[in-house]
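Since the structure comes first, as structure tokens, the remarks are kept for the end.
All heavy atoms count here, side chains included; hydrogens, waters and symmetry mates do not. Computed from a predicted structure; not experimentally measured.
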Amino acid sequence: MKSLYFKMTIMIVLVVLISVGLLLMISYRRARDTMASQLEDSYSVQADKYAQELTAWLNSQATIVETMAVEITLNGMYEQDYETFHKYLADSFSRLNTGGYMYDIYFTYPDNSMACASDFMPDGSMDYAHERDWFKVAAETGELFYSTPYKDSDSGYSIITISKAVYKDDELQGILAVDVFVNTLIDIVRGADVATNGYAFLVDQNMGMIVHPYEAYSYDDTPPNIMSIPDSPYAEVVDNIITDSRETVFIKDYDGVTRGIVIARMNNTGWHVGIATDRNELLRNVSGLLRSFIIAAFTAIIIGICISAFMAQILNKLNRQLREQDSIQRAKITNMNVTRSLATTIDAKDRYTSGHSQRVAEYAVELARRMGKSEEEQQIVYYAGVLHDIGKIRVPEDVINKPGKLTEEEFDQIRIHPVSGYHILCGIHEDERVGYGAKYHHERYDGKGYPNGLSGKDIPEIARIIAVADSYDAMASDRSYRKALPQDVIRKEIEKGKGTQFDPEIADVMLSIIDEDKTYDLQQKEKEIDNILVVDDEKMTLMVVEHILKGMEKVRVYSARSKEEVFSVLKETKISLIMLDLKMPDIDGFELYSGIREIYDMPVVLMTGDKSAKTLQKIRELGIDDYITKPLNGAITKEVVYGVLHKGVIGSVPVS
């Protein structure tokens with residue numbers, strides 16, 4: 001009996017152990033496959049994130065090309081003489097190249113002649129109109145064109161060309177092109193947060209390897225085709241690129257390591273970001289999982305499996321949602337920055353209304369908030385307010401800034417700016433309400449406005465909000481023909497306009513805001529005097545700079561010829577900007593800049609005759625705001641000073 005009991009016990013134990021072992025093995029295999037799949041998915045999401053980040057950066061550069069193409073088309077700049085067009089391109093380059101990403105801006109005519117922001121003059125040896133893709137493809141498609149990256153022989157940096165065709169009455173007038181340094185893209189890819197023994201790479205639309213850790217893929221001119229290098233392991237990767245497949249491909253890589261490759265497409269360029277992960281890294285967590293199963297098998301193996309699988313799914317879902325939210329947030333911030341840049345460009349045309357677009361946006365958002373609009377609706381109102389005058393790109397500056405009464409023809413030019421703004425915004429903003437705010441903000445409630453003579457509730461609500469905010473700021477700001485009106489006069493005008501010029505309900509909300517503003521804070525602020533410190537050991541240079549800046553409004557110039565004088569002025573005077581000579585007998589300009597930065601935080605512009613790539617790279621690395629080359633050009637010097645002083649003057653609303 002005991003022998004039978006012992007045998008049965010042994011049999012039951014063996015059955016239990018075999019069952020547990022089989023369950024453990026099955027569960028382990030399933031968990032291993034699931035975890036490997038989830039890890040592959042996470043690297044796919046990572047590739048998407050970097051593709052979106054690179055796309056957003058390139059879109060910010062492409063927006064500059066599209067905006068300038070619109071301005072050139074509307075104002076017929078290509079019909080101007082060379083000097084005028086060259087100055088326009090040079091001024092635009094100085095104004096827009098705040099990040100130092102652009103190398104040059106140029107416009108090439110079909111007859112192969114060219115106007116550049118730089119002083120480059122083609123010698124006729126190159127037929128750009130027939131030999132360069134950035135000209136041919138842009139002319140054929142009418143769309144933005146992104147070139148294959150190439151090494152610039154002068155700077156040694158990788159550059160791409162973004163181009164756009166300019167037409168008049170369906171006839172090609174020329175190609176606007178911007179050369180952009182791609183160092184930012186390269187740094188993003190090289191600094192990618194990938195797993196141990198992994199890497200990120202970037203491939204262009206022609207299968208050229210732009211960024212890769214293997215030296216054999218480096219290039220002196222254009223990126224090498226990834227299949228042209230001997231023993232290239234990327235045949236299956238190329239297949240995925242061609243078919244846009246998101247599956248993980250395992251290859252024996254250039255260094256003999258087996259890696260899983262996932263790719264993500266950049267929609268604007270047709271480039272692809274790749275993430276390569278060591279297969280052992282993918283399986284490392286799985287080995288740890290086996291040990292966990294062995295420990296947990298005798299206590300709650302089934303419950304443990306269920307909980308582990310459930311929690312893994314939740315964490316994976318949360319991780320994916322966080323990455324998606326991060327990508328959306330980056331896109332919103334990029335969109336907001338582009339919007340602010342456009343608003344700054346428009347306001348800069350009118351010397352009397354600096355900050356007008358931002359103030360209108362803030363007043364409009366406050367009106368919308370008090371009217372019970374959601375945060376999302378307030379965001380749309382903000383965009384509409386900031387961009388409501390974008391159509392003034394179409395209006396000549398001499399008309400906008402004319403101090404006297406406008407002629408009927410000049411007033412007609414003013415009347416078209418809402419229509420121009422609407423069509424510009426239709427092409428760059430997905431929400432049609434932003435375009436409505438621009439088009440209809442000069443309509444009147446009684447139907448006597450323009451451009452369409454709409455009345456009452458037929459006028460889109462967002463335009464009725466902008467109309468009240470715009471009119472209030474117009475009265476509360478200095479104009480070419482008068483100073484800002486007193487607050488009680490503005491209140492009477494708003495009251496008087498209820499039901500005629502303004503929606504009476506929105507006007508009442510504005511009146512309540514005015515009544516709460518006891519100290520008249522809601523008005524254009526008086527610009528403070530900007531104190532500029534010019535540092536140079538040569539007295540002649542100090543005199544030249546002072547003469548150049550003498551004509552700028554509300555600017556006072558201080559000078560210093562030594563390190564001691566610099567810190568003496570900084571200690572006693574609130575300085576808005578320092579213009580610093582790079583090379584002086586007693587001290588290096590870079591060293592002096594670093595010394596100033598340890599104590600003070602104000603923008604610095606470097607003055608130098610050294611135009612070498614090494615010097616320009618160091619300027620960028622140190623974060624110096626801008627530089628001017630000697631001999632100083634008066635117009636460029638003033639534009640750099642103006643741009644640096646007014647950088648960041650546009651405010652913001654929270655990006656939700």
Please report, to 0.1 Å, the donor-acceptor pairs under 3.5 Å made by any side chain of residues 87-94, with sequence neighbours excluded.
residue: K87; atom: NZ; partner: D91; partner atom: OD2; Å: 2.7
residue: S92; atom: OG; partner: Y88; partner atom: O; Å: 2.8
residue: S94; atom: OG; partner: A90; partner atom: O; Å: 3.2

Please find the pair of heavy atoms, one from S147 and one from Y150, that lie closest to each other, and give the distance. OG-CE2, 4.4 Å
Under a 3.5 Å distance rule, please check whether K638 uses its side chain to pair with a backbone N or O of L549 as donor and acceptor. no
Nearest heavy-atom neighbours spanning T608 and Y627: CG2-CD1, 4.5 Å
Counting only heavy atoms not in M227, do more than 12 fall under 6.0 Å of its CE? yes
Contact between L577 and V605 at the side-chain level, heavy atoms closer than 4.5 Å - yes or no? yes
Do you see a donor-acceptor pair shorter than 3.5 Å between the side chains of Q61 and Y146? no
For the residue pair Y234 and F201, categorise the inter-ring angle as parallel (less than 30°), tilted (30 to 60°) or perpendicular (more than 60°). tilted
Between L54 and L202, is a side chain to side chain contact (heavy atoms under 4.5 Å, CB included) present by the stated rule, with each step listed? CA-CA 10 Å; L54 298 178; L202 181 63; 4.0 Å; yes
Atom of F135, atom of T108 and distance for their closest heavy-atom approach: CE1-O, 3.5 Å
The test is side chain to side chain contact (heavy atoms under 4.5 Å, CB included); show your working for L387 and L425 and say whether it passes. CA-CA 8 Å; L387 298 172; L425 292 174; 3.6 Å; yes
Look up atom CG in L176 and atom CD in E71, then write down how far apart they are to the nearest 0.5 Å. 10.5 Å
Do T84 side-chain atoms and Q80 backbone N/O form a donor-acceptor pair below 3.5 Å? no
Name each donor-acceptor pair under 3.5 Å that joins a side chain in residues 180-192 to protein atoms two or more places apart or in another chain, with its distance.
none

Within-4.5 Å side-chain heavy-atom neighbours: V535 and M579: no
Would you find a donor on one side and an acceptor on the other, under 3.5 Å apart, between the side chain of E565 and the backbone of R561? yes
Answer yes or no: is there an ion pair linking R132 with D127, defined by an N-O contact shorter than 4.0 Å? no
Distance-minimising heavy-atom pair for P149 and D204: CD-OD2, 3.7 Å
Would you say the side chain of K611 lies within less than 4.5 Å of the side chain of L616, judging by non-hydrogen atoms? no
Does the side chain of I532 come within less than 4.5 Å of V555's, by heavy atoms? yes
Give a yes-or-no answer on whether the side chains of N531 and S576 include a donor-acceptor pair shorter than 3.5 Å. no
Non-hydrogen side-chain atoms of I548 and N633 separated by less than 4.5 Å: no
Under the side chain to side chain contact (heavy atoms under 4.5 Å, CB included) criterion, do W271 and Q205 qualify, and how do the steps go? CA-CA 5 Å; W271 299 0; Q205 69 270 36; 2.5 Å; yes
Give me the ring orientation class for H86 and Y82: parallel if the planes are under 30° apart, tilted from 30 to 60°, perpendicular past 60°. parallel
Using modelled atom types only, decide if a donor and an acceptor are shared between the side chain of N225 and the backbone of N206 within a distance under 3.5 Å. yes
Hey, could you give me the OG/OH distance between S232 and Y254, rounded to the nearest 0.5 Å? 12.5 Å
Check whether any side-chain heavy atom of L58 lies under 4.5 Å from a side-chain heavy atom of M266, and answer yes or no. yes
Contact summary for L622 and Y593, nearest pair of heavy atoms: O-OH, 3.2 Å
Ignoring hydrogens and geometry beyond distance, is a side-chain donor-acceptor pair present between S118 and D104 at under 3.5 Å? yes
Distance, nearest 0.5 Å, that separates CZ of F567 from CG of L533: 10.5 Å
Any side-chain heavy-atom pair from R259 and N197 closer than 4.5 angstrom? yes
Quick one: does K151's side chain get under 4.5 Å of D221's, heavy atoms only? no
Below 4.0 angstrom, N of the basic side chain to O of the carboxylate: do K49 and D193 qualify? no
Start with the C-alpha gap between L592 and V566, add the side-chain angles, then the distance that decides, and say whether side chain to side chain contact (heavy atoms under 4.5 Å, CB included) holds. CA-CA 9 Å; L592 182 54; V566 168; 4.3 Å; yes
Test item: side-chain donor near acceptor, T615 and S612, under 3.5 Å: yes
From E591 atom CD to L582 atom CG, the distance as rounded to the nearest 0.5 Å: 10.5 Å
Look only at the side chain of N75 and the backbone of I393, and say whether a donor-acceptor pair between them is shorter than 3.5 Å. yes
Contacts of T73 that satisfy side-chain hydrogen bond (donor to acceptor under 3.5 Å, both in side chains) - sequence neighbours left out: none
When you check the side-chain N and O atoms of D179 and T161, is any donor under 3.5 Å from an acceptor? yes
Should E79 and K168 be marked as a salt bridge (charged side-chain N to carboxylate O under 4.0 Å, His left out) after you check the CA-CA gap, both sets of side-chain angles, and the distance that decides it? CA-CA 11 Å; E79 297 176 347; K168 177 182 179 182; 2.9 Å; yes
R597 and D625: salt bridge (charged side-chain N to carboxylate O under 4.0 Å, His left out), yes or no, with the steps? CA-CA 12 Å; R597 270 285 182 261; D625 296 84; 3.6 Å; yes
One pair to check against side-chain hydrogen bond (donor to acceptor under 3.5 Å, both in side chains): S113 and D111. What are the steps and the verdict? CA-CA 6 Å; S113 58; D111 64 1; 2.6 Å; yes
Output, in order, the C-alpha distance, side-chain angles, deciding distance and verdict of salt bridge (charged side-chain N to carboxylate O under 4.0 Å, His left out) for D537 and K563. CA-CA 10 Å; D537 61 301; K563 178 179 178 180; over 6 Å; no
Y78 vs F107 aromatic rings, parallel, tilted or perpendicular, using cut-offs 30° and 60°? parallel
On a heavy-atom basis, which atom in P213 and which in A200 lie closest, and how many Å separate them? CD-O, 4.3 Å
Quick one about Y199 and D253 (side-chain donor to acceptor, distance below 3.5 Å, no hydrogens or angles considered), yes or no? yes
Rounded to the nearest 0.5 Å, how far does NZ of K136 lie from CD1 of I175? 12.5 Å
